[in-house]
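Model, not experiment: these values are computed from the prediction.
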Amino acid sequence: MFENKERTDINELGEFGLIKHLTTNFKIKNDFSVKGVGDDAAVLDSKGKQTLISTDLLLEGIHFDLAYVPLMHLGYKAVQVNLSDIYAMNGKASQITVSLGLSSKFPLEAVEEIYKGIELACNKYNIDLIGGDTSASKQGLVISITSIGYADAESVTYRNGAQEHDLLCVSGDLGGAYVGLQILEREKLIYLENPQIQPDLEGKDYIIERQLKPEARMDIVALLDEMGIKPTSMIDVSDGLASEILHLATESDKGITIYEEKIPLDPMTYETARELGLDPTVCALSGGEDYELLFTISQEDYKKLKHDVDITVIGHVTDKNSGCKMVSKSNNVHELKAQGWNAFKK
(Lines give C-alpha, C1' and ligand atoms only; values in the text may rest on other atoms or scores of the structure.)
Protein backbone atom coordinates (compact mmCIF):
# COMPACT_ATOMS: atom_id res chain seq x y z
CA MET A 1 0.00 0.00 0.00
CA PHE A 2 2.88 2.33 0.85
CA GLU A 3 5.70 0.31 -0.73
CA ASN A 4 6.56 2.85 -3.40
CA LYS A 5 6.24 5.91 -1.19
CA GLU A 6 8.43 7.32 1.54
CA ARG A 7 8.14 5.12 4.61
CA THR A 8 8.85 6.17 8.17
CA ASP A 9 9.08 3.29 10.62
CA ILE A 10 6.83 3.93 13.63
CA ASN A 11 9.57 2.60 15.90
CA GLU A 12 11.57 5.76 15.16
CA LEU A 13 9.00 7.78 17.14
CA GLY A 14 8.07 5.41 19.94
CA GLU A 15 4.54 5.21 21.41
CA PHE A 16 4.41 8.64 23.09
CA GLY A 17 6.20 10.31 20.21
CA LEU A 18 3.69 8.75 17.80
CA ILE A 19 0.67 9.96 19.78
CA LYS A 20 2.13 13.46 20.08
CA HIS A 21 2.92 13.52 16.36
CA LEU A 22 -0.60 12.37 15.37
CA THR A 23 -2.53 14.63 17.76
CA THR A 24 -0.61 17.92 17.45
CA ASN A 25 -3.20 19.49 15.14
CA PHE A 26 -6.22 18.59 17.26
CA LYS A 27 -7.49 21.64 19.15
CA ILE A 28 -10.13 21.69 21.91
CA LYS A 29 -13.51 23.01 20.63
CA ASN A 30 -16.02 22.16 23.39
CA ASP A 31 -16.19 23.92 26.75
CA PHE A 32 -17.08 20.51 28.26
CA SER A 33 -13.48 19.45 27.48
CA VAL A 34 -11.24 20.76 30.26
CA LYS A 35 -8.14 18.71 29.39
CA GLY A 36 -7.62 16.60 26.27
CA VAL A 37 -4.58 14.66 25.06
CA GLY A 38 -1.31 15.04 26.95
CA ASP A 39 -1.89 13.94 30.55
CA ASP A 40 -2.67 10.66 32.34
CA ALA A 41 -6.41 11.17 31.80
CA ALA A 42 -8.73 13.59 30.08
CA VAL A 43 -10.79 15.96 32.22
CA LEU A 44 -14.42 16.67 31.30
CA ASP A 45 -17.00 18.92 32.90
CA SER A 46 -20.55 17.71 32.24
CA LYS A 47 -22.08 21.00 33.45
CA GLY A 48 -25.06 19.23 35.03
CA LYS A 49 -25.97 17.14 31.98
CA GLN A 50 -26.11 13.35 31.68
CA THR A 51 -23.04 11.79 30.08
CA LEU A 52 -23.44 9.35 27.16
CA ILE A 53 -20.63 6.90 26.36
CA SER A 54 -20.34 4.36 23.54
CA THR A 55 -17.47 2.35 22.09
CA ASP A 56 -16.86 0.34 18.92
CA LEU A 57 -14.11 -1.98 17.77
CA LEU A 58 -13.18 -2.27 14.07
CA LEU A 59 -10.95 -5.16 13.00
CA GLU A 60 -9.16 -5.56 9.66
CA GLY A 61 -10.61 -8.53 7.77
CA ILE A 62 -13.82 -8.50 9.85
CA HIS A 63 -15.19 -4.97 9.63
CA PHE A 64 -13.18 -3.57 6.72
CA ASP A 65 -11.08 -4.67 3.77
CA LEU A 66 -8.05 -2.52 2.96
CA ALA A 67 -8.15 -3.79 -0.63
CA TYR A 68 -10.76 -1.11 -1.36
CA VAL A 69 -11.12 1.01 1.80
CA PRO A 70 -8.83 4.09 1.69
CA LEU A 71 -7.21 4.73 5.07
CA MET A 72 -8.49 8.30 5.30
CA HIS A 73 -12.05 7.09 4.66
CA LEU A 74 -11.54 4.40 7.30
CA GLY A 75 -10.54 6.97 9.92
CA TYR A 76 -13.56 9.10 9.05
CA LYS A 77 -15.98 6.17 9.08
CA ALA A 78 -14.63 4.83 12.39
CA VAL A 79 -15.61 8.12 14.02
CA GLN A 80 -19.06 8.18 12.36
CA VAL A 81 -19.89 4.67 13.59
CA ASN A 82 -19.38 5.90 17.14
CA LEU A 83 -21.03 9.29 16.87
CA SER A 84 -24.14 7.60 15.48
CA ASP A 85 -24.63 5.79 18.81
CA ILE A 86 -24.63 9.09 20.71
CA TYR A 87 -27.13 10.65 18.31
CA ALA A 88 -29.29 7.52 18.66
CA MET A 89 -29.66 8.49 22.34
CA ASN A 90 -30.91 11.93 21.23
CA GLY A 91 -27.67 13.42 22.55
CA LYS A 92 -24.91 15.69 21.33
CA ALA A 93 -21.53 14.07 20.74
CA SER A 94 -18.58 16.06 22.02
CA GLN A 95 -15.46 13.93 22.53
CA ILE A 96 -13.76 10.75 21.30
CA THR A 97 -10.79 8.64 22.28
CA VAL A 98 -8.92 6.69 19.60
CA SER A 99 -6.88 3.52 20.16
CA LEU A 100 -4.99 1.75 17.37
CA GLY A 101 -3.38 -1.67 17.09
CA LEU A 102 -0.83 -1.54 14.26
CA SER A 103 1.02 -4.35 12.49
CA SER A 104 4.53 -3.81 11.16
CA LYS A 105 3.22 -3.31 7.60
CA PHE A 106 1.93 0.16 8.53
CA PRO A 107 4.46 2.98 8.26
CA LEU A 108 3.89 6.36 9.89
CA GLU A 109 2.49 7.74 6.62
CA ALA A 110 -0.33 5.15 6.69
CA VAL A 111 -1.29 6.06 10.25
CA GLU A 112 -1.23 9.74 9.31
CA GLU A 113 -3.83 8.99 6.62
CA ILE A 114 -6.12 7.38 9.21
CA TYR A 115 -5.74 10.42 11.46
CA LYS A 116 -6.49 12.78 8.58
CA GLY A 117 -9.88 11.09 8.31
CA ILE A 118 -10.37 11.26 12.07
CA GLU A 119 -9.46 14.95 12.08
CA LEU A 120 -11.85 15.66 9.19
CA ALA A 121 -14.69 14.03 11.14
CA CYS A 122 -13.79 15.87 14.35
CA ASN A 123 -13.79 19.22 12.58
CA LYS A 124 -17.03 18.58 10.71
CA TYR A 125 -18.92 17.36 13.79
CA ASN A 126 -17.25 19.68 16.32
CA ILE A 127 -15.70 16.80 18.28
CA ASP A 128 -12.64 16.90 20.57
CA LEU A 129 -10.06 14.12 20.45
CA ILE A 130 -9.16 13.73 24.14
CA GLY A 131 -7.07 10.56 24.39
CA GLY A 132 -6.39 7.02 23.28
CA ASP A 133 -3.62 4.48 22.94
CA THR A 134 -1.43 2.75 20.36
CA SER A 135 0.00 -0.75 20.40
CA ALA A 136 1.75 -3.24 18.15
CA SER A 137 -0.65 -5.79 16.69
CA LYS A 138 -0.09 -9.21 15.14
CA GLN A 139 -3.66 -9.25 13.80
CA GLY A 140 -3.49 -6.42 11.29
CA LEU A 141 -5.12 -3.06 11.92
CA VAL A 142 -7.37 -2.64 14.97
CA ILE A 143 -9.29 0.60 15.62
CA SER A 144 -11.17 1.18 18.85
CA ILE A 145 -13.01 4.46 19.34
CA THR A 146 -14.99 5.59 22.35
CA SER A 147 -17.43 8.44 21.89
CA ILE A 148 -18.72 10.70 24.65
CA GLY A 149 -21.71 12.97 24.52
CA TYR A 150 -24.17 14.86 26.68
CA ALA A 151 -27.88 15.47 26.98
CA ASP A 152 -30.33 16.91 29.47
CA ALA A 153 -31.84 14.10 31.53
CA GLU A 154 -35.31 14.67 30.05
CA SER A 155 -33.94 14.57 26.49
CA VAL A 156 -32.18 11.19 26.58
CA THR A 157 -34.06 8.68 24.41
CA TYR A 158 -33.81 4.95 25.07
CA ARG A 159 -34.87 1.92 23.05
CA ASN A 160 -37.55 0.94 25.53
CA GLY A 161 -40.03 3.85 25.33
CA ALA A 162 -42.19 2.97 22.31
CA GLN A 163 -45.91 3.05 23.06
CA GLU A 164 -48.75 1.31 21.27
CA HIS A 165 -50.03 3.39 18.30
CA ASP A 166 -46.75 5.37 18.07
CA LEU A 167 -45.49 5.95 14.52
CA LEU A 168 -42.21 4.38 13.39
CA CYS A 169 -39.98 6.80 11.46
CA VAL A 170 -36.61 6.53 9.75
CA SER A 171 -34.26 9.20 8.44
CA GLY A 172 -32.70 9.25 4.98
CA ASP A 173 -32.75 6.12 2.84
CA LEU A 174 -31.74 2.52 3.42
CA GLY A 175 -29.80 -0.29 1.76
CA GLY A 176 -27.29 1.94 -0.03
CA ALA A 177 -24.28 1.00 2.10
CA TYR A 178 -24.90 -2.72 1.58
CA VAL A 179 -25.36 -2.41 -2.18
CA GLY A 180 -22.25 -0.22 -2.35
CA LEU A 181 -20.33 -2.95 -0.54
CA GLN A 182 -21.49 -5.53 -3.11
CA ILE A 183 -20.14 -3.33 -5.92
CA LEU A 184 -16.78 -2.95 -4.14
CA GLU A 185 -16.56 -6.70 -3.51
CA ARG A 186 -17.40 -7.42 -7.16
CA GLU A 187 -14.69 -5.07 -8.41
CA LYS A 188 -12.17 -6.54 -5.97
CA LEU A 189 -12.77 -10.05 -7.37
CA ILE A 190 -12.40 -8.77 -10.93
CA TYR A 191 -9.14 -7.03 -9.99
CA LEU A 192 -7.75 -10.17 -8.34
CA GLU A 193 -8.46 -12.13 -11.51
CA ASN A 194 -6.96 -9.44 -13.75
CA PRO A 195 -5.02 -6.57 -12.11
CA GLN A 196 -4.96 -4.74 -15.47
CA ILE A 197 -8.68 -4.06 -15.33
CA GLN A 198 -9.59 -0.77 -13.65
CA PRO A 199 -12.54 -0.71 -11.20
CA ASP A 200 -15.83 0.22 -12.86
CA LEU A 201 -17.56 2.45 -10.31
CA GLU A 202 -18.97 5.00 -12.74
CA GLY A 203 -22.40 6.28 -11.80
CA LYS A 204 -22.29 4.53 -8.40
CA ASP A 205 -20.84 7.43 -6.39
CA TYR A 206 -23.71 7.72 -3.92
CA ILE A 207 -23.85 4.09 -2.80
CA ILE A 208 -20.04 3.76 -2.73
CA GLU A 209 -19.93 6.81 -0.46
CA ARG A 210 -22.69 5.34 1.71
CA GLN A 211 -20.34 2.41 2.36
CA LEU A 212 -16.95 4.13 2.56
CA LYS A 213 -17.88 7.52 4.04
CA PRO A 214 -21.17 7.39 5.95
CA GLU A 215 -22.49 10.42 7.81
CA ALA A 216 -23.93 10.12 11.32
CA ARG A 217 -27.24 11.97 11.59
CA MET A 218 -26.44 14.79 14.00
CA ASP A 219 -28.74 16.94 11.86
CA ILE A 220 -31.79 14.78 12.62
CA VAL A 221 -31.28 15.18 16.37
CA ALA A 222 -31.10 18.95 15.90
CA LEU A 223 -34.12 18.91 13.58
CA LEU A 224 -36.30 16.99 16.03
CA ASP A 225 -35.29 19.43 18.75
CA GLU A 226 -36.27 22.39 16.55
CA MET A 227 -39.61 20.73 15.81
CA GLY A 228 -40.25 20.19 19.50
CA ILE A 229 -40.39 16.40 19.07
CA LYS A 230 -39.01 14.05 21.72
CA PRO A 231 -38.91 10.53 20.21
CA THR A 232 -40.38 7.86 22.45
CA SER A 233 -37.66 5.38 21.43
CA MET A 234 -34.69 5.47 19.07
CA ILE A 235 -31.83 3.38 17.65
CA ASP A 236 -29.38 3.80 14.79
CA VAL A 237 -29.52 1.53 11.74
CA SER A 238 -26.17 -0.27 11.86
CA ASP A 239 -27.18 -3.93 11.44
CA GLY A 240 -30.14 -3.63 9.07
CA LEU A 241 -33.66 -2.26 9.46
CA ALA A 242 -35.24 -5.56 10.53
CA SER A 243 -32.71 -6.13 13.30
CA GLU A 244 -33.16 -2.62 14.67
CA ILE A 245 -36.95 -2.87 14.59
CA LEU A 246 -36.74 -6.07 16.60
CA HIS A 247 -34.47 -4.34 19.15
CA LEU A 248 -36.98 -1.51 19.63
CA ALA A 249 -39.89 -3.94 19.88
CA THR A 250 -38.13 -6.26 22.34
CA GLU A 251 -36.87 -3.46 24.58
CA SER A 252 -40.26 -1.70 24.54
CA ASP A 253 -42.19 -4.98 24.95
CA LYS A 254 -44.35 -4.13 21.91
CA GLY A 255 -45.02 -5.30 18.37
CA ILE A 256 -44.24 -3.28 15.24
CA THR A 257 -45.78 -3.37 11.78
CA ILE A 258 -44.04 -1.77 8.78
CA TYR A 259 -45.08 -1.38 5.15
CA GLU A 260 -42.70 -2.40 2.38
CA GLU A 261 -43.87 0.39 0.07
CA LYS A 262 -42.91 2.98 2.71
CA ILE A 263 -39.27 1.88 3.10
CA PRO A 264 -37.14 4.72 1.64
CA LEU A 265 -34.81 3.52 -1.11
CA ASP A 266 -32.62 5.76 -3.24
CA PRO A 267 -33.13 5.10 -6.98
CA MET A 268 -29.44 4.18 -7.35
CA THR A 269 -29.74 1.65 -4.54
CA TYR A 270 -32.87 0.15 -6.10
CA GLU A 271 -31.48 -0.03 -9.65
CA THR A 272 -28.06 -1.36 -8.63
CA ALA A 273 -29.59 -4.03 -6.40
CA ARG A 274 -31.67 -5.19 -9.36
CA GLU A 275 -28.56 -5.20 -11.60
CA LEU A 276 -26.83 -7.45 -9.06
CA GLY A 277 -29.81 -9.78 -8.78
CA LEU A 278 -30.66 -8.61 -5.26
CA ASP A 279 -34.03 -7.72 -3.76
CA PRO A 280 -33.81 -4.00 -2.82
CA THR A 281 -36.17 -4.50 0.13
CA VAL A 282 -33.99 -7.29 1.53
CA CYS A 283 -30.95 -5.01 1.17
CA ALA A 284 -32.70 -2.41 3.34
CA LEU A 285 -33.99 -4.95 5.87
CA SER A 286 -30.77 -6.91 6.31
CA GLY A 287 -27.92 -4.88 4.84
CA GLY A 288 -26.87 -2.54 7.63
CA GLU A 289 -24.25 0.22 7.90
CA ASP A 290 -26.68 2.94 6.80
CA TYR A 291 -26.29 4.78 10.14
CA GLU A 292 -29.70 6.38 9.79
CA LEU A 293 -31.88 6.96 12.84
CA LEU A 294 -34.93 4.78 13.45
CA PHE A 295 -37.34 6.19 16.02
CA THR A 296 -40.91 6.24 17.26
CA ILE A 297 -43.03 9.32 17.89
CA SER A 298 -46.50 9.85 19.30
CA GLN A 299 -49.21 10.36 16.69
CA GLU A 300 -49.76 13.93 17.95
CA ASP A 301 -46.26 14.83 16.73
CA TYR A 302 -46.88 13.64 13.16
CA LYS A 303 -48.16 17.03 11.99
CA LYS A 304 -44.81 18.59 12.98
CA LEU A 305 -42.74 16.44 10.64
CA LYS A 306 -45.13 15.27 7.94
CA HIS A 307 -43.67 17.68 5.36
CA ASP A 308 -40.02 16.84 6.06
CA VAL A 309 -38.63 14.96 3.05
CA ASP A 310 -35.74 13.41 5.02
CA ILE A 311 -37.94 11.58 7.53
CA THR A 312 -40.28 8.78 6.47
CA VAL A 313 -43.05 7.14 8.49
CA ILE A 314 -42.73 3.44 7.68
CA GLY A 315 -45.02 1.81 10.22
CA HIS A 316 -46.53 1.86 13.69
CA VAL A 317 -46.24 0.25 17.10
CA THR A 318 -48.72 -2.48 18.03
CA ASP A 319 -49.34 -4.69 21.06
CA LYS A 320 -46.69 -7.29 21.92
CA ASN A 321 -48.83 -10.24 20.83
CA SER A 322 -49.03 -8.90 17.26
CA GLY A 323 -45.29 -9.43 16.81
CA CYS A 324 -43.07 -7.70 14.25
CA LYS A 325 -44.40 -7.83 10.70
CA MET A 326 -43.98 -6.31 7.27
CA VAL A 327 -46.92 -5.81 4.93
CA SER A 328 -45.60 -6.35 1.40
CA LYS A 329 -46.47 -4.33 -1.68
CA SER A 330 -48.79 -7.17 -2.67
CA ASN A 331 -50.49 -6.93 0.77
CA ASN A 332 -49.03 -10.15 2.13
CA VAL A 333 -47.89 -10.17 5.76
CA HIS A 334 -44.36 -11.41 6.54
CA GLU A 335 -42.75 -11.93 9.93
CA LEU A 336 -39.65 -9.77 10.36
CA LYS A 337 -36.46 -11.71 11.10
CA ALA A 338 -33.06 -10.39 12.14
CA GLN A 339 -30.81 -11.46 9.28
CA GLY A 340 -28.49 -8.50 9.49
CA TRP A 341 -24.73 -8.44 9.78
CA ASN A 342 -23.24 -10.56 12.59
CA ALA A 343 -19.54 -10.27 13.47
CA PHE A 344 -19.54 -13.79 14.93
CA LYS A 345 -20.85 -15.59 11.85
CA LYS A 346 -18.44 -18.17 10.47
Apply the test side-chain hydrogen bond (donor to acceptor under 3.5 Å, both in side chains) to residues Asp173 and Tyr206: give CA-CA distance (whole Å), side-chain angles for both, the deciding distance (0.1 Å), then the verdict.
CA-CA 11 Å; Asp173 55 83; Tyr206 178 68; 2.7 Å; yes
Looking only at non-hydrogen atoms, find the nearest pair between [X] and [Y] and report the distance.
X: Ile263; Y: Ala284; answer: CG2-CB, 3.9 Å
X: Ile208; Y: Gly180; answer: CD1-O, 3.8 Å
X: Ala338; Y: Leu246; answer: N-CD1, 3.4 Å
X: Ser94; Y: Gly149; answer: OG-CA, 3.8 Å
X: Asp85; Y: Ser54; answer: OD2-OG, 3.0 Å
X: Gly288; Y: Ala177; answer: O-CB, 3.7 Å

For [X], I'd like to know if atom [atom1] has over 12 heavy atoms of other residues, nucleotides or ligands within 6.0 Å.
X: Lys303; atom1: NZ; value: yes
X: Lys77; atom1: NZ; value: yes
X: Lys320; atom1: NZ; value: no
X: Asn331; atom1: CG; value: no
X: His165; atom1: NE2; value: no

Side chain [X], main chain [Y], donor-acceptor under 3.5 Å:
X: Glu251; Y: Ala249; answer: no
X: Asp301; Y: Ile229; answer: no
X: Asp236; Y: Ser238; answer: no

Residue pair Thr232, Thr157: steps toward the side-chain contact (heavy atoms from CB on, under 4.5 Å) verdict
CA-CA 7 Å; Thr232 53; Thr157 301; over 6 Å; no
Verify same cluster id: [X], [Y] (apolar side-chain graph, 4.5 Å):
X: Leu83; Y: Ile114; result: yes
X: Val156; Y: Leu293; result: no
X: Ile207; Y: Leu278; result: yes
X: Tyr158; Y: Leu167; result: no
X: Tyr259; Y: Val313; result: no

Distance from [X] atom [atom1] to [Y] atom [atom2], nearest 0.5 Å?
X: Leu168; Y: Thr312; atom1: CG; atom2: OG1; answer: 10.5 Å
X: Thr296; Y: Asp166; atom1: OG1; atom2: CG; answer: 5.0 Å
X: Leu265; Y: Thr281; atom1: CG; atom2: OG1; answer: 6.0 Å
X: Lys138; Y: Ser104; atom1: NZ; atom2: OG; answer: 10.5 Å
X: Cys169; Y: Tyr302; atom1: SG; atom2: OH; answer: 9.0 Å
X: Glu164; Y: Ser322; atom1: CD; atom2: OG; answer: 7.5 Å

Could you check Glu60 against Lys105 for salt bridge (charged side-chain N to carboxylate O under 4.0 Å, His left out), going step by step and ending with a plain yes or no?
CA-CA 13 Å; Glu60 181 180 354; Lys105 73 179 179 181; 2.7 Å; yes
Heavy-atom side-chain proximity of [X] to [Y] below 4.5 angstrom:
X: Leu141; Y: Ser103; result: no
X: Leu129; Y: Thr97; result: no
X: Tyr87; Y: Met234; result: no
X: Val79; Y: Ile145; result: yes
X: Met326; Y: Leu285; result: yes
X: Leu71; Y: Leu66; result: yes
X: Leu100; Y: Ser135; result: no
X: Ile96; Y: Thr146; result: no

Could you tell me whether [X] and [Y] have a side-chain N and a carboxylate O separated by less than 4.0 Å?
X: Glu292; Y: Arg217; result: yes
X: Glu113; Y: Lys116; result: yes
X: Glu260; Y: Lys262; result: no
X: Arg210; Y: Glu289; result: no
X: Glu271; Y: Lys204; result: no
X: Asp319; Y: Lys254; result: no

Show your reasoning for whether side-chain hydrogen bond (donor to acceptor under 3.5 Å, both in side chains) applies to Asp133 and Ser99.
CA-CA 4 Å; Asp133 194 17; Ser99 294; 5.4 Å; no
Verify salt bridge (charged side-chain N to carboxylate O under 4.0 Å, His left out) between Glu215 and Lys124, making sure each step is shown before the conclusion.
CA-CA 10 Å; Glu215 300 287 348; Lys124 183 170 182 179; 3.3 Å; yes
How far apart are the C-alpha atoms of Phe295 and Ile311, what are their side-chain angles, what is the distance that settles it, and do they pass the side-chain contact (heavy atoms from CB on, under 4.5 Å) test?
CA-CA 10 Å; Phe295 56 96; Ile311 296 175; 3.9 Å; yes
Pair Tyr68-Glu185, side-chain donor/acceptor within less than 3.5 Å
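Yes - a donor-acceptor pair under 3.5 Å links their side chains.
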Under the side-chain contact (heavy atoms from CB on, under 4.5 Å) rule, what do Val69 and Leu184 come out as? Steps first, then yes or no, please.
CA-CA 9 Å; Val69 178; Leu184 290 167; 6.0 Å; no
State whether Tyr76 and Lys213 meet the cation-pi test: NZ (Lys) or CZ (Arg) under 6.0 Å from the six-membered ring centroid, and within 45° of the perpendicular axis.
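Yes - Lys213 lies over the ring of Tyr76, closer than 6.0 Å to its centre and within 45° of its axis.
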Decide side-chain contact (heavy atoms from CB on, under 4.5 Å) for Leu223 and Asp308; before the verdict, give the C-alpha distance in whole Å, the side-chain angles of both, and the deciding distance to 0.1 Å.
CA-CA 10 Å; Leu223 180 65; Asp308 193 282; 3.2 Å; yes
